[in-house]
2 protein chains.
Amino acid sequence: MPKRANLSDTLCPVGRSAELLGDRAVLLILRELFFGRRRFEVIAANTALRPQLVSARLKLLVTEGIAERRAYQERPVRHDYWLTDKGKALFEVLYAMRNWAERWAYAPGETGDGHAIRYIHRACGADVGTATICPGCGASLGYGDLKGEPSSVLKAEQIARAG
Amino acid sequence: MPKRANLSDTLCPVGRSAELLGDRAVLLILRELFFGRRRFEVIAANTALRPQLVSARLKLLVTEGIAERRAYQERPVRHDYWLTDKGKALFEVLYAMRNWAERWAYAPGETGDGHAIRYIHRACGADVGTATICPGCGASLGYGDLKGEPSSVLKAEQIARAG
DNA sequence: ACTTGTCACTATGATTATCATAGTTACTAT
DNA sequence: ATAGTAACTATGATAATCATAGTGACAAGT
C-alpha cells in the first residue's frame, strides 16, 4: 500500500480511533492483552499473526502509550507487554465488539447454548450477558470488574491453536 | 497484501468483529452512515477515501447485511446506502471508540472546550457526555436516542472537506 | 564442551491491497 | 450539442502483509 492518509490529524474522534483500531492485528493483539496473555510467542500463536506483524504492532502500541514493555526476568532478559490506563480504557470498545458479534455474528446454535464468552461480574457473581450495568447489582461495569469465561467450544479452539 | 487469514471462522466474538471492523475504510464509512450521510460521493468526500475503496467496502457492507442499497430516485436511477438493524447495532462500538478518543486522543484544549462531538439525549435534552445511561433521566442510550453535535472546530473541518 | 531448546524477534522475496490519477456510463439541464 | 452530476471502474505504482526461514542471547541437559 502507499502511504495511507493519516487520520490522526482529523478532529473527529471516530477518525482518531480508527487510525489505531482500524487494523485487524491491533484488535487481535488487544484482545490477547485483555485476556491477560502478555508474552510475544503466546500472542503470536493465539492470533495466528506472523511475528513481524506482532512485533510491529506491539511497537506501535508502546509508542502510542497503550501498552508497556516490561522485563519479567533477567538472565536471560525477557520482556512482556502490559496495558496502560490508556490501553485499559479500550475495554469498552472491545466489549462492544464482543457484544455485537454475540448477537449478530453467529449462526443459531453455533456457540452451543449461550454466548461464546460469558462475562461474570466479579463483585456479585452475576452473568452480565451483554450489559454495561450489572443486572445483578446495578454496578457499572469496566475492565477489571469482569471475568471472561470462554464457552467450551471456544476453549477447545484456543487449546488447538496454542498446541 | 497476500490473502489474509480469515477470521470469520474463529469462534471468538472479538475475532469475528475484527474481521469486519479491523479496517479503517469500513470504520470511516460506518461513521458516515451513522451521521446520516448516505450518498456515495458524500461519503467519499468526507472520508477522503478513493472511490474504488468506497465502492468495495460498501459492497462488503451490503453482502454482510450491514448496509442496504436503495434507489432514491428513478430516471436517472441513483442509489444510496442505509444501515440495517445489524448495522445500527454497531453504534455501541462506534460510540465506545468516540468515547475513548474524547478522553485519550486529544491534546489539552485541542477541541476548544468540551468534546469534539457532543451527544444530546433527544428525549430529555441532556448532554450525555460519554455515558451509556442518560445522566439527566436515567434512560439507556442507543442509536436513535442521541443527536451528535460536532464542535465548532470539527464542523469547520467537515465543511472544508466537503467544499 | 556440545547439542538441544526457548524466547523474542529480524530478514527475504512474493503477493496484493491501497494509492493517485484518469476515464466511463447513464442520464438531466440549458 | 455541450456541459454537468452521480456513481462508479481502469490502470499502473507503491508498500503492507504474507510464508518461510534465520538470528542472538541465554539455560539446561548429556
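A note on names: the letters A, B, ... follow the listed sequences, proteins ahead of strands, and every chain is numbered from 1.
A side-chain donor-acceptor contact under 3.5 Å links Lys86(B) to the backbone of Glu64(B). Side chain of Arg24(B) to backbone of Glu19(A): a donor-acceptor contact under 3.5 angstrom is found. Judged by distance alone, with hydrogens and angles left aside, the side-chain atoms of Arg31(A) form no donor-acceptor pair with the main-chain N or O of Leu94(A) at under 3.5 Å.
Straight-line distance from the CD atom of Glu19(B) to the C1' atom of dA17(C): 14 Å, rounded to whole Å. If you take CG of Leu49(B) and C1' of dA7(D), they are 15 Å apart, rounded to a whole angstrom. Taking atom CG on Leu28(B) and atom C1' on dC19(C), their separation rounds to 15 Å, with Å as the unit. Rounded to whole Å, the distance from CG on Asp23(A) to P on dT18(C) is 11 Å. The distance from atom CD of Gln73(B) to atom C1' of dA6(D) is 9 Å, rounded to the nearest whole Å. At whole-Å resolution of the value, CZ in Arg24(B) and C1' in dT17(D) are 13 Å apart. The nearest whole Å value for the distance from the CG atom in Leu53(A) to the C1' atom in dA19(D) is 12 Å. Atom CG in Leu27(A) sits roughly 13 Å away from atom P in dT17(D) (whole-Å rounding).
Taking the ring-ring contact (aromatic ring centres under 6.0 Å, His included) definition, one finds that Tyr106(B) meets it with nothing, sequence neighbours left out.
For the atom pair CD1 of Ile43(A) and CZ of Phe35(A), the computed distance is 13.0 Å after rounding to the nearest 0.5 Å.
The minimum heavy-atom distance linking Met97(B) with Ala18(A) is given by the pair CE-N, 3.7 Å. Of all the heavy atoms in Ile29(A) and Thr47(A), the pair that sits closest is N-CG2, 4.4 Å. Closest of all the heavy-atom pairs between Leu27(A) and Gly22(B) is CD1-CA, 3.5 Å.
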Classify every nucleotide of nucleotides 20-28 of chain D by which part a protein heavy atom approaches to under 4.0 Å, writing B for the base, S for the sugar-phosphate alone and - for neither, in 5'-to-3' order.
B-----SS-
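As judged by a 4.0 angstrom heavy-atom cut-off over every strand, Asp80(A) is placed among residues making no nucleic acid contact.
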Let me have the donor-acceptor pairs involving side chains of residues 129-140 of chain B, under 3.5 Å, with sequence neighbours excluded, atom names and distances please.
none

Give the table of side-chain donor-acceptor pairs shorter than 3.5 Å for residues 52-61 of chain B, with sequence neighbours excluded, one pair per line with atom names and distance.
| unit_1 | atom_1 | unit_2 | atom_2 | d |
| --- | --- | --- | --- | --- |
| Arg57(B) | NE | Asp23(B) | OD1 | 3.2 |
| Arg57(B) | NE | Asp23(B) | OD2 | 3.2 |
| Arg57(B) | NH2 | Asp23(B) | OD2 | 2.9 |

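The side chain of Ser55(B) lies closest to dC8(D), out of dC8(D), dT18(C), dC18(D). In this structure, the nucleotide among dC18(D), dT18(C), dC9(C) sitting nearest to the side chain of Tyr81(A) is dC9(C).
For DNA chain D, the neighbouring residues in residues 58-68 of chain B, judged by any heavy atom under 4.0 Å, are Lys59(B). Taking every heavy atom of residues 40-47 of chain A and every atom of DNA chain C, pairs under 4.0 Å involve Phe40(A), Glu41(A), by number.
For the residue pair Arg98(A) and Tyr119(A), no side-chain donor N or O sits within less than 3.5 Å of a side-chain acceptor on the partner. No side-chain N or O of Arg38(B) forms a donor-acceptor pair with one of Tyr81(B) less than 3.5 Å apart.
Put simply, Arg69(B) has a side-chain N or O that comes within less than 4.0 Å of OP1 or OP2 on dC8(D). At the phosphate of dT6(C), neither OP1 nor OP2 sits under 4.0 Å from any side-chain N or O atom of Arg39(A).
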